[in-house]
Amino acid sequence: MIVNKRIGLLVLMRESMGALVLLAAWDFAVVVLYQLFHQEWMEIPGLPLSLIGSAIALFMNVRNNSAYARWWEGRTLWGAVTNNSRSFGRQVVTILGGRKDLVRAMAAYPHALRQALGEIDASEDIARLLPPEMAQRIHGWVNQPNGILLELGRGVTEESTRLGIDGALHGQIDRILSDLANAQGGLERIRKTPLPIQYSAVPRVLANVFCIVLPISAVQTLGWLTPLGSSLVGVLFVVLDKMGGDLQEPFRASPHALPMATMARGIETDLLQSIGDAPLPPIPVKNGIQL
């Protein structure tokens, strides 16, 4: 996730530069055809295209709102993972006598979750935190985060039985694991259910067609200034489309994705400190981007 506004603008400009160059080249070709070769078929009224552009802009705004809703829901669910992980660690320390293996397994859970969501390699963090016996039991699981929750549930039940803990307290800890499972399910729903094709692909096609037709309509009014005006308007549509494309996949490895590694390291730090273990330092911001 981009956290430095200045660098964020530079990233957006760099990502849009290719589209700007292509649009400027096409606009220049249109101007040459119209001004030097007097192509009469280019005399298209501007009003219809203006109405079409307004409709496309409204459509893209609806798509971008839906994409941001997915991004923000992902961040909200990660907040639930953070809060419930801290609560679990506190309950283990204050009720179950501070079993380090359970706390360390919970510290490994967000790393396993971000690996499953983003299809990235977090195996080193998981191996560093997850107790070997638990790692062996869930080896080969397709859904390793769910396997860790199962092992945590088993460990809580075993310790509650050994200590003779009241069923109500046991149920209170188990509800935390259920809340984590619910948050994980919401994150998996976002990951496995992309925006419908009408939202993800159609706006891009419409924006590209509009950018191609725009200079043909504008050249009658702008003349040799068409590459300037038409390219700027075209880049605006390209940027709007790119904003939606970046936000609709909050777990994809990109500068615009959620900082899952940073959030997982924060959870790990809170849990390890609760049992007296030394945590690793926070993940630094690199080039204005929080990983």
### Task
Apply side chain to side chain contact (heavy atoms under 4.5 Å, CB included) to D277 and V103, showing your working.
CA-CA 10 Å; D277 288 354; V103 176; over 6 Å; no
Test: [X] and [Y] ion pair at under 4.0 Å:
{"X": "E268", "Y": "R265", "value": "yes"}
{"X": "R104", "Y": "D101", "value": "no"}
{"X": "D179", "Y": "R175", "value": "no"}
{"X": "E73", "Y": "R70", "value": "no"}

For residues [X] and [Y], report the shortest heavy-atom separation together with the two atoms involved.
{"X": "A107", "Y": "L129", "answer": "O-CD1, 3.5 Å"}
{"X": "Q198", "Y": "P203", "answer": "O-CD, 3.5 Å"}
{"X": "A67", "Y": "G244", "answer": "CB-O, 3.4 Å"}
{"X": "G74", "Y": "L187", "answer": "O-CD2, 3.6 Å"}
{"X": "A122", "Y": "H111", "answer": "CB-O, 3.6 Å"}
{"X": "R99", "Y": "G155", "answer": "NH1-O, 3.7 Å"}

### Query
Of the options I126, L150, L130, which is the one that meets I138 in a side chain to side chain contact (heavy atoms under 4.5 Å, CB included)?
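The single option meeting the side chain to side chain contact (heavy atoms under 4.5 Å, CB included) with I138 is L130.
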Measuring from [X]:[atom1] to [Y]:[atom2], what's the distance to the nearest 0.5 Å?
{"X": "N65", "Y": "N61", "atom1": "CG", "atom2": "CG", "value": "4.5 Å"}
{"X": "D270", "Y": "R86", "atom1": "CG", "atom2": "CZ", "value": "4.5 Å"}
{"X": "L247", "Y": "K242", "atom1": "CG", "atom2": "NZ", "value": "9.5 Å"}
{"X": "F210", "Y": "I52", "atom1": "CZ", "atom2": "CD1", "value": "8.0 Å"}
{"X": "F88", "Y": "L177", "atom1": "CZ", "atom2": "CG", "value": "5.0 Å"}
{"X": "Q184", "Y": "I148", "atom1": "CD", "atom2": "CD1", "value": "9.0 Å"}

Side-chain heavy atoms nearer than 4.5 Å, only ILVMFWY residues, links allowed to pass through others: does that put [X] and [Y] together?
{"X": "V239", "Y": "F59", "answer": "yes"}
{"X": "L206", "Y": "V209", "answer": "yes"}
{"X": "L232", "Y": "W224", "answer": "no"}
{"X": "V202", "Y": "V62", "answer": "yes"}
{"X": "M106", "Y": "L169", "answer": "yes"}

Please check this pair: side chain of [X] against backbone of [Y], looking for a donor-acceptor N/O pair closer than 3.5 Å.
{"X": "T226", "Y": "G223", "answer": "yes"}
{"X": "D27", "Y": "S231", "answer": "yes"}
{"X": "Q144", "Y": "A112", "answer": "no"}
{"X": "D241", "Y": "F237", "answer": "no"}
{"X": "S274", "Y": "L271", "answer": "yes"}

### Query
Have Y199 and Q248 got a donor and an acceptor in their side chains that come within less than 3.5 Å?
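Checked: Y199/Q248 side chains show no N/O donor-acceptor pair below 3.5 Å.
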Answer yes or no: is there a side-chain heavy-atom contact under 4.5 Å between [X] and [Y]?
{"X": "V31", "Y": "P215", "value": "no"}
{"X": "Y109", "Y": "V81", "value": "yes"}
{"X": "S85", "Y": "L180", "value": "yes"}

### Query
Checking side chain to side chain contact (heavy atoms under 4.5 Å, CB included) for the pair L96/I173: CA distance, chi angles, key distance, verdict?
CA-CA 10 Å; L96 299 182; I173 302 175; 4.0 Å; yes
### Query
What do the steps show when you test L23 against S230 for side chain to side chain contact (heavy atoms under 4.5 Å, CB included), and what is the final call?
CA-CA 8 Å; L23 289 173; S230 179; over 6 Å; no
### Query
Do other residues, nucleotides or ligands put more than 12 heavy atoms under 6.0 Å from the CD atom of E124?
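Result for CD/E124: open.
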### Query
After noting the C-alpha distance and the side-chain angles of D174 and V156, does the key distance pass the side chain to side chain contact (heavy atoms under 4.5 Å, CB included) rule?
CA-CA 8 Å; D174 191 69; V156 169; 5.8 Å; no
### Message
Please enumerate all residues that pass side-chain contact (heavy atoms from CB on, under 4.5 Å) together with R75, with sequence neighbours excluded.
### Response
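So R75 forms a side-chain contact (heavy atoms from CB on, under 4.5 Å) with W72, W78, L258, M263.
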